[in-house]
A.B. asks: 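After the structure tokens below, expect a handful of questions from me.
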Amino acid sequence: MEKLVVTVDELKKMVRNNEEDKIDEVDVVTAGTCGIMSGTLGIFHIPIGESFKKAEKFYLNGIEGYPGPCPNEFLGSVDCTIYGTKHSGNYGGGFLFKDLISGKEVEAVVESDGKTYQKMITLKDMPTARLIGTRNAFKNYVALTNTGKPVNTIFHRKMLKSGEASFSGCGELNPLQNMNSDEKYITGKKILVNGADGLILGYGTRSSKEKPNMMISADMHEMDEYYIGGFTTSAGAEIFNTIAVPIEVNEKNKEYLKMLDSEIELPLTNVFGRTSLGSGKYSEVWEKTDLRPKVDVNRCRVCDSCEAQKMCPTNAIVRLDHLGKRTLPDENCFGCGVCVDSCAYGVYQMDRKSIMGIPITCRQSDRVRALKLAKELKKRIEKEEFKI
């Protein structure tokens, strides 16, 4: 018997249209989330070729890794861990992982016994390249604002000023918002991580009853570069991931599946001390909002140094020769909205909403990617390419 599979946005439309009785006909809902997920690292086995005793220091495209724990003595290879948040300037682990998944060649550098060994390498050359998420896909998160002086923070591309806010969390689309999140229930569950088959290993670090998150694992070789990447902040480079989860429609999950953005809390927190300032709803920041900026290329002055291009957290704004060197966002656009305040000539416009009356000036979750991966998971289940 074929399963009836719907995406999470299709299910929420049923609820909004007062068609909740149709939920009983559904077998599986595919839910997704995409956002900054700092607790991400890669575990690699990298063949260098030349024999050396053991790696004392290791770099991949200038990003420092941590050799070991296996010393691989005189084997000419390195086992190492690289954090998604490790960075050199505005280039960090998230950008590195995206480059690897896209097939780009990167430089591996080993320091051992006073000598340096170098090799250009691609992901295909690495027998092991596994992404581990130590705390990913929180059951929604928080909005951050500033009640003091401007501050550099991982929660904004620019300095976060007084009277501004940023937020994370995909609200009603988020997998853990739509299911029984007991650890025994989610552990071992098959999911999609950046387009690759993955697993939930259990709860992640900092998980709590009120805000559970998941520890996940997947093979980078199978990932799609669109769903992963770096996100530059004013406090250094971060990393984003996209995760989709199949949710069985049963009595326990049904109560969660019916929840809408208007029912889901979005706490507002002061970036200084993380003190609570109250709580809004996810409907304030997601309902009838623009998921991507509207672009008026006729306003572009073709500046020698494009401020929007310079400030784009995901390097999505590129110059196009056929438009007279004007700049436009490409598919790397995350919908963060930073470009709106970066261009003095109003090229980019976007309704970014507000939380408790404080305007959102940076968005750190992306519903476009979340929904796309949820649709991809639905397709794979229907084609029996993904077994639940």
A.B. asks: Measure from NZ or CZ of R369 to the centre of the six-membered ring of Y226 and say whether it is under 6.0 Å with the direction within 45° of the ring axis.
C.D. replies: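 Because its charged atom sits under 6.0 Å from the ring centre and within 45° of the axis, R369 does stack over Y226.
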A.B. asks: Donor-acceptor pair, distance only, cut-off 3.5 Å: does the side chain of S365 make one with the backbone of G35?
C.D. replies: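 Checked: no pair found.
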A.B. asks: If the threshold is 4.0 Å, N to carboxylate O, is there a salt bridge linking K22 and E19?
C.D. replies: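 Judged by the 4.0 Å cut-off on N to carboxylate O distance, K22 and E19 do form a salt bridge.
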A.B. asks: For the pair R352 and T361, evaluate side chain to side chain donor-acceptor pair (under 3.5 Å) and give the outcome as yes or no after the intermediate values.
C.D. replies: CA-CA 7 Å; R352 296 168 293 179; T361 54; 5.6 Å; no
A.B. asks: Mark yes when over 12 heavy atoms from residues, nucleotides or ligands other than E384 sit less than 6.0 Å from its CD; otherwise mark no.
C.D. replies: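 Not more than 12 within 6.0 Å, no.
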A.B. asks: For S354 and P359, indicate whether the former's side chain and the latter's backbone hold a donor-acceptor pair under 3.5 Å.
C.D. replies: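 Not confirmed, S354 side chain does not pair with P359 backbone.
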A.B. asks: Are I23 and V28 co-members of a hydrophobic cluster defined by side-chain heavy atoms under 4.5 Å apart?
C.D. replies: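 No; tracing contacts between hydrophobic side chains, which count when under 4.5 Å, never links both residues.
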A.B. asks: Tell me the side chain to side chain donor-acceptor pair (under 3.5 Å) pairs involving residues 50-65, sequence neighbours left out?
C.D. replies: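 Found N61-Y91.
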A.B. asks: Step by step, would you call V285 with L266 a side-chain contact (heavy atoms from CB on, under 4.5 Å)?
C.D. replies: CA-CA 9 Å; V285 296; L266 177 55; 3.8 Å; yes
A.B. asks: Do side-chain atoms of E10 reach the backbone of T7 as a donor and acceptor pair under 3.5 angstrom?
C.D. replies: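 Yes.
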A.B. asks: I'd like to know if R292 and D351 make a salt bridge, using a cut-off of under 4.0 Å between side-chain N and carboxylate O.
C.D. replies: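 The answer is no: the pair does not qualify as a salt bridge.
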A.B. asks: Could you tell me which residues satisfy side chain to side chain donor-acceptor pair (under 3.5 Å) with D224, sequence neighbours excluded, listed by chain and number?
C.D. replies: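 For D224 there are no side chain to side chain donor-acceptor pair (under 3.5 Å) partners, ignoring immediate neighbours.
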A.B. asks: For D79, enumerate each residue passing the salt bridge (Lys or Arg N to Asp or Glu O under 4.0 Å) test, keeping only those at least two apart in sequence or located in another chain.
C.D. replies: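 Once residues adjacent in sequence are excluded, D79 has no partner under the salt bridge (Lys or Arg N to Asp or Glu O under 4.0 Å) criterion.
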A.B. asks: Please list, chain by chain and in numerical order, all residues satisfying salt bridge (Lys or Arg N to Asp or Glu O under 4.0 Å) with R16, sequence neighbours excluded.
C.D. replies: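 Only E172 meet the salt bridge (Lys or Arg N to Asp or Glu O under 4.0 Å) criterion with R16.
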A.B. asks: Which residues satisfy the side-chain contact (heavy atoms from CB on, under 4.5 Å) test with T289, sequence neighbours excluded?
C.D. replies: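 By the side-chain contact (heavy atoms from CB on, under 4.5 Å) rule, T289 matches W286, L291, K353, R363.
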A.B. asks: Check side-chain contact (heavy atoms from CB on, under 4.5 Å) between P150 and all other residues, then give those that pass, not counting sequence neighbours.
C.D. replies: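 side-chain contact (heavy atoms from CB on, under 4.5 Å) list for P150, sorted by chain: M159, K161.
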A.B. asks: Going by atom type alone, with no hydrogens or angles, which donor-acceptor pairs under 3.5 Å involve a side-chain atom of residues 234-246 and a protein atom two or more places apart or on another chain?
C.D. replies:
from	atom 1	to	atom 2	distance (Å)
S234	OG	T153	N	2.9
S234	OG	T153	O	3.1
S234	OG	H156	O	3.3
S234	OG	K158	O	3.1
E238	OE1	S38	OG	2.4
N241	OD1	N194	ND2	3.1
N241	ND2	T40	OG1	2.9
T242	OG1	Y227	O	2.8

A.B. asks: What residues form a salt bridge (Lys or Arg N to Asp or Glu O under 4.0 Å) with R157, not counting sequence neighbours?
C.D. replies: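 Per chain and number, R157 pairs via salt bridge (Lys or Arg N to Asp or Glu O under 4.0 Å) with no residue.
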A.B. asks: Rounded to the nearest 0.5 Å, what separation is found between the CD atom of E222 and the CZ atom of R130?
C.D. replies: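 One finds 9.5 Å between CD of E222 and CZ of R130.
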A.B. asks: Are V193 and I132 connected in the hydrophobic side-chain network, where two residues link if heavy atoms are under 4.5 Å apart?
C.D. replies: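 No, V193 does not connect to I132 through the hydrophobic network.
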A.B. asks: Evaluate the criterion side-chain contact (heavy atoms from CB on, under 4.5 Å) for residue pair M126 and I121; output intermediate values, then yes/no.
C.D. replies: CA-CA 8 Å; M126 302 177 187; I121 194 168; 4.0 Å; yes
A.B. asks: Using the six-membered ring wherever Trp is involved, compare the ring planes of F52 and Y117 and label them parallel, tilted or perpendicular (cut-offs 30° and 60°).
C.D. replies: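 Answer is tilted, since the angle falls between 30° and 60°.
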A.B. asks: For N140 and G171, indicate whether the former's side chain and the latter's backbone hold a donor-acceptor pair under 3.5 Å.
C.D. replies: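 Judged by distance alone, yes, a pair lies under 3.5 Å.
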A.B. asks: Which pairs pass salt bridge (charged side-chain N to carboxylate O under 4.0 Å, His left out) with one or both residues in residues 174-189, sequence neighbours excluded?
C.D. replies: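 Qualifying pairs, neighbours excluded: K189-E248.
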A.B. asks: Side-chain donor-acceptor pair under 3.5 Å between Q349 and D296, yes or no?
C.D. replies: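 The criterion, which ignores hydrogens and geometry beyond distance, is not satisfied for D296 and Q349.
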A.B. asks: Do L60 and L131 share a hydrophobic cluster (ILVMFWY, side-chain heavy atoms under 4.5 Å, transitive)?
C.D. replies: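 L60 and L131: one cluster.
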A.B. asks: Determine, step by step, whether L173 and T33 satisfy the side-chain contact (heavy atoms from CB on, under 4.5 Å) criterion, reporting the C-alpha distance in whole Å, the side-chain angles of both residues, the deciding distance to 0.1 Å, and the verdict.
C.D. replies: CA-CA 7 Å; L173 308 184; T33 189; over 6 Å; no
A.B. asks: Between atom NE2 of H221 and atom CG of L123, what is the distance when rounded to the nearest 0.5 Å?
C.D. replies: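 The NE2 atom of H221 sits 4.0 Å away from the CG atom of L123.
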A.B. asks: Under 4.0 Å between a Lys/Arg side-chain N and an Asp/Glu carboxylate O for R380 and E376?
C.D. replies: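 Yes, R380 and E376 are salt-bridged.
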A.B. asks: Is it the case that T147 and N270 place a side-chain donor and acceptor less than 3.5 Å from each other?
C.D. replies: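 Yes, because at least one side-chain N or O of T147 sits under 3.5 Å from a partner of the opposite role on N270.
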A.B. asks: Cluster question for you: counting only ILVMFWY and a side-chain heavy-atom cut-off of under 4.5 Å, with indirect links fine, are M220 and I43 together?
C.D. replies: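 In one cluster: no.
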A.B. asks: With a 4.0 Å cut-off on N to O distance, would you call D24 and K254 a salt bridge?
C.D. replies: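 Yes.
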A.B. asks: Counting distance only, does the side-chain N/O of R319 pair as donor-acceptor with the main-chain N or O of K325 below 3.5 Å?
C.D. replies: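 Indeed, once roles are kept as given, a pair shorter than 3.5 Å links the two residues.
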A.B. asks: Using modelled atom types and a 3.5 Å cut-off, is there a donor and acceptor pairing between side-chain atoms of D125 and backbone atoms of T122?
C.D. replies: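 Side chain of D125 to backbone of T122: a pair is present.
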A.B. asks: Is the backbone N or O of I228 less than 3.5 Å from a side-chain atom of K98, with the two atoms forming a donor-acceptor pair by type?
C.D. replies: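 Side chain of K98 to backbone of I228: a pair is present.
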A.B. asks: When rounded to the nearest 0.5 angstrom, what distance separates CD1 in I358 from CG in L277?
C.D. replies: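 That separation rounds to 7.0 Å.
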A.B. asks: For atom NZ of K281, is the number of surrounding heavy atoms from other residues, nucleotides or ligands below 6.0 Å larger than 12?
C.D. replies: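 Buried by this count: over 12 neighbours within 6.0 Å.
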A.B. asks: What I want to check is whether the side chains of N332 and T314 have a donor and an acceptor closer together than 3.5 Å.
C.D. replies: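 The criterion, which ignores hydrogens and geometry beyond distance, is not satisfied for T314 and N332.
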A.B. asks: Could you walk me through whether D261 and R367 pass salt bridge (charged side-chain N to carboxylate O under 4.0 Å, His left out), step by step?
C.D. replies: CA-CA 13 Å; D261 282 329; R367 279 194 163 183; 2.9 Å; yes
A.B. asks: Once rounded to the nearest 0.5 Å, what's the spacing between atom NZ of K190 and atom CG of L377?
C.D. replies: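 One gets 9.5 Å once the value is rounded to the nearest 0.5 Å.
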A.B. asks: Please answer whether the main-chain N or O of F155 pairs with a side-chain N or O of T233 as donor and acceptor at a distance below 3.5 Å.
C.D. replies: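 Between the backbone of F155 and the side chain of T233 there is no qualifying donor-acceptor contact (under 3.5 Å).
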A.B. asks: Output the distance between atom CG (L192) and atom CD1 (I216), rounded to the nearest 0.5 Å.
C.D. replies: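 Going from the CG atom of L192 to the CD1 atom of I216 covers 11.5 Å.
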A.B. asks: Scan for salt bridge (charged side-chain N to carboxylate O under 4.0 Å, His left out) pairs involving residues 99-109, sequence neighbours excluded, and state none if there are none.
C.D. replies: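 Applying salt bridge (charged side-chain N to carboxylate O under 4.0 Å, His left out) to every pair that reaches into residues 99-109, excluding sequence neighbours, yields D99-K104.
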A.B. asks: Under the 3.5 angstrom rule, does the side chain of K12 hit a backbone N or O of M259 as a donor-acceptor pair?
C.D. replies: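 Judged by distance alone, yes, a pair lies under 3.5 Å.
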A.B. asks: Less than 3.5 Å apart, which donor and acceptor atoms pair up between the side chains of residues 299-311 and the rest of the protein, not counting sequence neighbours?
C.D. replies:
from	atom 1	to	atom 2	distance (Å)
R299	NH1	Y345	O	3.3
Q309	NE2	I317	O	3.2

A.B. asks: Assess whether side-chain contact (heavy atoms from CB on, under 4.5 Å) is satisfied between V142 and L268, documenting all intermediate values.
C.D. replies: CA-CA 6 Å; V142 294; L268 181 63; over 6 Å; no
A.B. asks: Between Y141 and N174, do the side chains contain an N or O donor and an N or O acceptor separated by less than 3.5 Å?
C.D. replies: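 Distance-only check fails for Y141 and N174.
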A.B. asks: Within this structure, what is the CG-NZ distance for the pair N253 and K258, rounded to the nearest 0.5 Å?
C.D. replies: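 Answer rounded to 0.5 Å: 12.0 Å.
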A.B. asks: Could you list all the ring-ring contact (aromatic ring centres under 6.0 Å, His included) pairs where at least one residue sits in residues 346-373, not counting sequence neighbours?
C.D. replies: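 Matches after skipping sequence neighbours: none remain.
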A.B. asks: Is there a path of hydrophobic side-chain contacts, each under 4.5 Å between heavy atoms of I/L/V/M/F/W/Y residues, joining I36 to F167?
C.D. replies: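 Not linked; separate clusters.
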